[in-house]
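What follows is one structure encoded as C-alpha cells, with my remarks underneath.
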Protein chains: 2
Amino acid sequence: MNPPRLLLVEDDPALAELLEFRFRAEGYGVSVTSDGDEALLLAAEEIPDLVILDWMIEGTSGIEVCRRLRRDKATAHVPIIMLTARGAEDDMIRGLETGADDYLTKPFSPRELIARVSAIMRRIRPALAGELVNVGDLTLDATAHRVTRRGQVISLGPTEFRLLKFFMEHPGRVFSRGQLLDAVWGTDSDIELRTVDVHIRRLRKGIEQEGAPDPVRTVRSAGYALEAV
Amino acid sequence: MNPPRLLLVEDDPALAELLEFRFRAEGYGVSVTSDGDEALLLAAEEIPDLVILDWMIEGTSGIEVCRRLRRDKATAHVPIIMLTARGAEDDMIRGLETGADDYLTKPFSPRELIARVSAIMRRIRPALAGELVNVGDLTLDATAHRVTRRGQVISLGPTEFRLLKFFMEHPGRVFSRGQLLDAVWGTDSDIELRTVDVHIRRLRKGIEQEGAPDPVRTVRSAGYALEAV
DNA sequence: CGTTTTTGTGACAAATATTTGACAGCGACG
DNA sequence: CGTCGCTGTCAAATATTTGTCACAAAAACG
C-alpha cells in the first residue's frame, strides 16, 4: 500500500522514461506501458492510485482504455489524467465525459504534470499529504501514526492501522477481501482471504468504545466498509 | 440530496453571467461575486461544493483567496478551479501548490469548464454523479452496497440486493422468472422457477414501509416488474 | 359456482459466510 | 536467552441466507 502507485501509459519512450524518473524521485511507485491492452491488465492486477493515460497509444485506444477502466468495478474510482495533442479539444471533452478526471495537452512541463498529480493525490489520499483524515468520530493522523476516536487516543497494530487508513481514505465504499489484501498487504502477497476477517476483528476490537457504534460494516458476500457516518 | 452549489468568483460580468446561466442549466446552485473578500464571506457562510476562482479579481487576490479557503477548516477541502490568463504557467503552478485542484487558461469554452466541473464533482461527491440509481422513492448505491427508501436505510440479503439492483437498472420492465434467474442467479443455474417468487417476497418484505405502496408489481403469467412509485 | 392455474406465505434443513478464541512462528528488544 | 507484541492460519461456534415444499389465497375461466 504505502507509496502511491501510478500507472503511466505512454507511447514515447523518451517521455515515458523522463516521467518515470521524475515521479520515482517524488516518491511514487510507477508502472509503465506503451500498450493499451497491457495497461488494462496492469491496472486490473495492481490497482494503481492514479492513471496517466496518453491518448494516442498502441493497442486499445486511450478513450477505450478510459472507458474500460471506468467500467471495471475495481478501477472505477481511480483518477485518470489524459495526455492529448495540443488543439484536440474535442478529444479532451470526450475524455472528461468518459470519466477522465483531468487532462494535459502536449507539450507540457513535467513540473506541471507533477503538480496536477499531487493535487489529485491530496484529494484522493489526504493521509499522504500529512493531513488529518476524519470519518465519523474517527480521526487519523498519518504523519503522527495516530488514531483518535472522540478525542480518545486509540492504539492499533501496524496492520490494523494501515487497514483503517485505507478505509478512511475511501469512506463508505465496500471492499472485497481480495481488494483489501491488495491494498493493505500488497498485490504480491499470497495470504489467505480469511486473514482479512481476523484483522477486521482486531481493528474492531481496537476502536470499540463504550456506547459508540461499530463503524465497520460487514457486507455479507461482498466484503467490508467503513461507515461514512 | 440538494443540488451541488458552486461559488463563482469572476470579474468579467459578461463571462460571469454566461457561466452562471450555463451552470444553472446543468442543475447547479450558483453564487457569483467579483470580489475576493466577498468570496471569502460567501464561502464561509454557505460552504459551496466547488469554487471557480478567477486569478485576477478585485479585493484580495486569487491566490490569497485560495490560500485562505484552504486555511479555514470549513472550506479546506472544497475543490477549487482557477481561471488564469493564457501563458501564466507560473501562476498556475503556484496555484496548484497552494491547493487549487485544477485550472483553466482563458479563453476557454464553457463546455470545457463544465466538463471539468463535473469530472471533479464525480470524484468528490460520487453520489451526485449518477452512481446512485433512483427509482421512485428507492435509492441504490452500488459502491456502498446500500439501499435507501425515503431516507431510511434498508437492509437486504445478497440475493435480494442483486435482484433489486437489476430491477432498478430496468425500471418498469416486466421480467419473466426465467429472465430473472438468468440475470440475478446466472445463466447456468438450475434453480426452480418458483424460487424467484420466494425472493420476490423477501424483497417486498425488506423494502416495505409504513404507508408506502409496494413498488414490485406482479404481472400474472408473465413475471414481475419494479414500478416507480 | 366449481375448477384450474398462478402466486403468496411460513417453515425448514442445508448450504454459506462470518466471528471468535487459540496457537505457533517470528522478530525486536532488553 | 526470555519476553512480548504482532501475524497468519485453523477450526469450532455462530449467524445468516438459500432453495424447496406444502398449503393458503387469489385470479382466471368456462
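Predicted, not measured: the structure shown is a model, and the values here were computed from it. Proteins come first, then strands; the chains are lettered A, B, ... in the order of their sequence lines, and each starts at number 1.
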In whole angstrom, give the distance that lies between atom CG of B/D197 and atom P of D/dT20.
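Spelled out: CG on B/D197 to P on D/dT20 is 12 Å.
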Nearest-Å distance for atom pair NE2/P, residues A/H145 and D/dC6:
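Rounded to the whole Å, the gap is 13 Å.
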Give every residue pair that meets the ring pair (Phe, Tyr, Trp, His ring centres under 6.0 Å) criterion with at least one member in residues 189-219 of chain B, sequence neighbours excluded.
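Output for this query lists B/W185-B/H199.
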Taking any heavy-atom pair under 4.0 Å as a contact, classify B/D214: base, sugar-phosphate, or nothing.
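Touches nothing.
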Short side-chain N/O contact to [N] OP1/OP2 from [X], under 4.0 Å:
X      : N      : answer
B/K205 : C/dG10 : yes
B/T218 : C/dT6  : no
B/R201 : C/dT9  : yes
B/Y224 : C/dG8  : yes
B/W185 : D/dT18 : no
B/T159 : D/dT18 : yes
B/T195 : D/dT20 : yes

Those residues that, when tested against B/R202, pass salt bridge (charged side-chain N to carboxylate O under 4.0 Å, His left out) (two or more places apart):
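With sequence neighbours excluded, B/R202 shows a salt bridge (charged side-chain N to carboxylate O under 4.0 Å, His left out) to no residue whatsoever.
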Closest listed nucleotide, where the reference is the side chain of B/R194 and the choices are C/dT19, D/dT20, C/dT9
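In terms of side-chain proximity for B/R194, the closest of C/dT19, D/dT20, C/dT9 is C/dT9.
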Is it the case that the base of C/dT5 and the side chain of B/R220 share a donor-acceptor contact (distance under 3.5 Å, atom types as modelled)?
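Present.
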Would you say the base of D/dG8 and the side-chain of A/R202 have a donor-acceptor pair closer than 3.5 Å?
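Check passes, donor-acceptor contact within cut-off.
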For the pair B/F175 and B/H170, name the ring-plane relationship: parallel under 30°, tilted 30 to 60°, perpendicular over 60°.
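Geometry flag for B/H170 against B/F175: perpendicular rings.
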Backbone N or O of A/R149 within a donor-acceptor pair of the A/Q209 side chain at under 3.5 Å?
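The answer is yes, because a donor-acceptor pair under 3.5 Å joins these two groups.
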